[in-house]
Amino acid sequence: VVDLSITPNRPDCLGVRGVARDLAAAGAGKLKKISLKNIKKNGSQKIKVSITKDKNQGCTVFGRCLIEGVTNKESPQWLKEKIISLGQKPISAIVDITNYVMFDLNRPLHAYDADKIDKEITVRNSKKGETFKALDSKEYKLDKDMCVISDNTGILGLGGIIGGVRSGTEFTTQKVLLEAAYFSPRSIRKTSKILNIDTDAKFRFERGIDPLSIEQGLQKAALLIKKICGGEISKFDIQKS
């Protein structure tokens with residue numbers, strides 16, 4: 001295990017690929033191209049997503065795909081070993097895959113249980129006093145103008161920081177909505193500081209990640225989910241504000 005301390009001005013090195021690219025640029029070896037097989041995509045996904053035109057909207061791009069007919073399970077041994085070597089705890093194949101891709105490509109992702117989403121997703125600014133229960137089992141009371149992902153029932157998660165319990169994936173999950181979005185560093189920094197939350201996704205988004213890595217992240221994670229958990233992948237949909 002190689003442990004690197006990354007300075008704030010080098011967010012591109014917060015993923016293994018970024019470190020490899022830097023080493024290759026310095027003459028230490030040749031950077032391998034990412035060879036992603038063409039995904040057989042079946043149909044469009046049915047969950048509508050809209051990004052509101054709020055002042056200081058924290059999300060500029062929201063990409064997603066739906067994977068139906070999955071069987072979530074424990075991760076295979078090779079993936080568990082990678083997750084443990086990254087200092088993480090293996091949870092389930094779907095969660096582990098999103099973490100693995102984040103550390104690999106520096107591309108945070110989020111997986112929702114699509115059956116728990118009430119009709120459609122709206123990316124909007126929060127209203128003062130709104131609350132939601134996050135995946136760290138804490139209840140957060142929000143200020144106004146924090147970037148949230150919500151459905152018709154309420155808040156599903158804090159954009160780019162942490163997901164909520166209500167739409168989290170479990171071993172019974174059969175449909176996964178995979179999200180790869182771009183959140184503005186300023187919005188992430190402000191919200192996480194007020195609520196005192198520190199996550200791996202927040203650490204990356206507040207420093208700035210490659211906005212062009214959305215499709216690559218979806219592709220890599222969707223293929224891994226299909227390989228380990230089965231299922232059919234929908235067409236990718238990338239919404240811009």
Side-chain angles (χ1 to χ4, degrees), residues 12 14-21 30-47 49 61-86 88-117 121 149 157 160 163 167-182 200-201 204-205 209-239:
D12 56 306
L14 289 171
V16 172
R17 184 158 184 84
V19 175
R21 188 169 48 215
K30 191 166 177 268
L31 186 66
K32 284 185 182 176
K33 277 191 174 163
I34 296 179
S35 60
L36 287 172
K37 299 176 199 122
N38 282 339
I39 298 183
K40 194 179 164 200
K41 298 172 186 163
N42 290 321
S44 55
Q45 49 95 15
K46 304 153 195 82
I47 297 164
V49 171
V61 192
F62 192 100
R64 83 267 189 206
C65 72
L66 188 68
I67 308 164
E68 297 187 78
V70 300
T71 307
N72 197 9
K73 52 177 83 166
E74 271 193 37
S75 293
Q77 198 56 37
W78 70 266
L79 183 54
K80 276 188 183 170
E81 283 170 9
K82 295 266 187 205
I83 293 296
I84 291 163
S85 74
L86 293 165
Q88 305 272 312
K89 197 168 125 223
I91 296 168
S92 72
I94 290 168
V95 175
D96 295 349
I97 287 164
T98 58
N99 283 331
Y100 174 69
V101 173
M102 174 174 68
F103 279 97
D104 181 21
L105 301 176
N106 190 28
R107 163 33 72 192
L109 302 162
H110 187 64
Y112 301 87
D113 185 324
D115 287 324
K116 296 177 184 173
I117 294 169
I121 282 179
I149 317 292
S167 59
T169 55
E170 298 173 289
F171 284 112
T172 52
T173 296
Q174 293 174 337
K175 283 186 200 167
V176 175
L177 184 77
L178 198 58
E179 165 210 303
Y182 183 80
D200 286 313
R204 285 160 175 76
F205 279 123
I209 64 159
D210 181 0
L212 301 177
S213 64
I214 287 174
E215 197 158 350
Q216 205 178 56
L218 285 176
Q219 207 165 5
K220 183 143 193 179
L223 278 172
L224 278 169
I225 290 172
K226 187 179 168 77
K227 185 178 163 189
I228 296 168
C229 306
E232 290 296 325
I233 303 165
S234 77
K235 285 179 183 158
F236 291 178
D237 190 288
I238 297 172
Q239 193 95 0

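Note: hydrogens, waters and symmetry copies are ignored here, and every other heavy atom, side chains too, is used. Not measured: the values here are computed from a predicted model.
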Handout entry: Contacts of type salt bridge (charged side-chain N to carboxylate O under 4.0 Å, His left out), residue Asp115, not counting sequence neighbours
Key =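 Partners of Asp115 under the salt bridge (charged side-chain N to carboxylate O under 4.0 Å, His left out) test: Lys175.
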
Practice task
Please list, chain by chain and in numerical order, all residues satisfying salt bridge (charged side-chain N to carboxylate O under 4.0 Å, His left out) with Lys80, sequence neighbours excluded.
Solution key: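 Expected list: Glu74.
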
Any chance you could measure [X], atom [atom1], to [Y], atom [atom2], to the nearest 0.5 Å?
X      : Y      : atom1 : atom2 : result
Ile97  : Met102 : CD1   : CE    : 13.5 Å
Ser167 : Ile149 : OG    : CD1   : 10.0 Å
Glu81  : Gln77  : CD    : CD    : 4.5 Å

Practice task
Evaluate the criterion side-chain contact (heavy atoms from CB on, under 4.5 Å) for residue pair Ile209 and Tyr182; output intermediate values, then yes/no.
Solution key: CA-CA 8 Å; Ile209 64 159; Tyr182 183 80; 4.1 Å; yes

Nearest heavy atoms of [X] and [Y], plus distance in Å:
X      : Y      : answer
Ile67  : Gly230 : CG2-O, 4.2 Å
Leu66  : Ala114 : CD1-CB, 3.5 Å
Ala180 : Leu109 : CB-CD2, 3.5 Å
Lys82  : Tyr100 : CD-CE1, 4.0 Å
Gly63  : Leu218 : C-CD1, 4.0 Å

I want to check something: taking the side chain as every heavy atom from C-beta on, are [X] and [Y] in contact at a cut-off of under 4.5 Å?
X      : Y      : value
Pro90  : Ile83  : yes
Arg64  : Val49  : yes
Ile34  : Leu105 : yes
Asn106 : Ser213 : no
Leu178 : Ile225 : yes
Leu177 : Ile121 : yes
Val70  : Ile94  : yes
Asp237 : Gln239 : yes

Problem - Cation-pi, Phe171 ring and Lys73 (6.0 angstrom, 45 degrees) - result: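 The answer is no, since Lys73 fails at least one limit relative to Phe171.
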
Partners meeting ring-ring contact (aromatic ring centres under 6.0 Å, His included) with [X] (sequence neighbours left out):
X      : answer
Phe103 : none
Tyr112 : His110
Phe205 : Phe183

List in chain and number order the residues that pass side-chain contact (heavy atoms from CB on, under 4.5 Å) with [X], two or more places apart in sequence or in another chain; answer none if no residue qualifies.
X      : value
Gln174 : none
Glu170 : Lys116, Thr172, Thr173
Pro76  : Trp78, Leu79, Ile228
Val95  : Ile91, Ser92, Asn99, Thr169

Problem - Within residues 95-108 or reaching into it, pairs that qualify as salt bridge (charged side-chain N to carboxylate O under 4.0 Å, His left out) - sequence neighbours excluded - result: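 Found Asp104-Lys220.
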
Exercise for the section: Determine yes or no for a side-chain-to-main-chain donor-acceptor pair under 3.5 angstrom, with Arg204 supplying the side chain and Asp12 the backbone. Expected result: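 Side chain of Arg204 to backbone of Asp12, a donor-acceptor pair under 3.5 Å: no, none is there.
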
Practice task
For Gln88, enumerate each residue passing the side-chain hydrogen bond (donor to acceptor under 3.5 Å, both in side chains) test, keeping only those at least two apart in sequence or located in another chain.
Solution key: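 With neighbours one apart ignored, the set is Asp200.
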
Practice task
Using the side-chain hydrogen bond (donor to acceptor under 3.5 Å, both in side chains) rule, collect all pairs that involve residues 221-236, keeping only residues at least two apart or in two chains.
Solution key: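 Residue pairs passing side-chain hydrogen bond (donor to acceptor under 3.5 Å, both in side chains), neighbours aside: Asn42-Glu232.
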
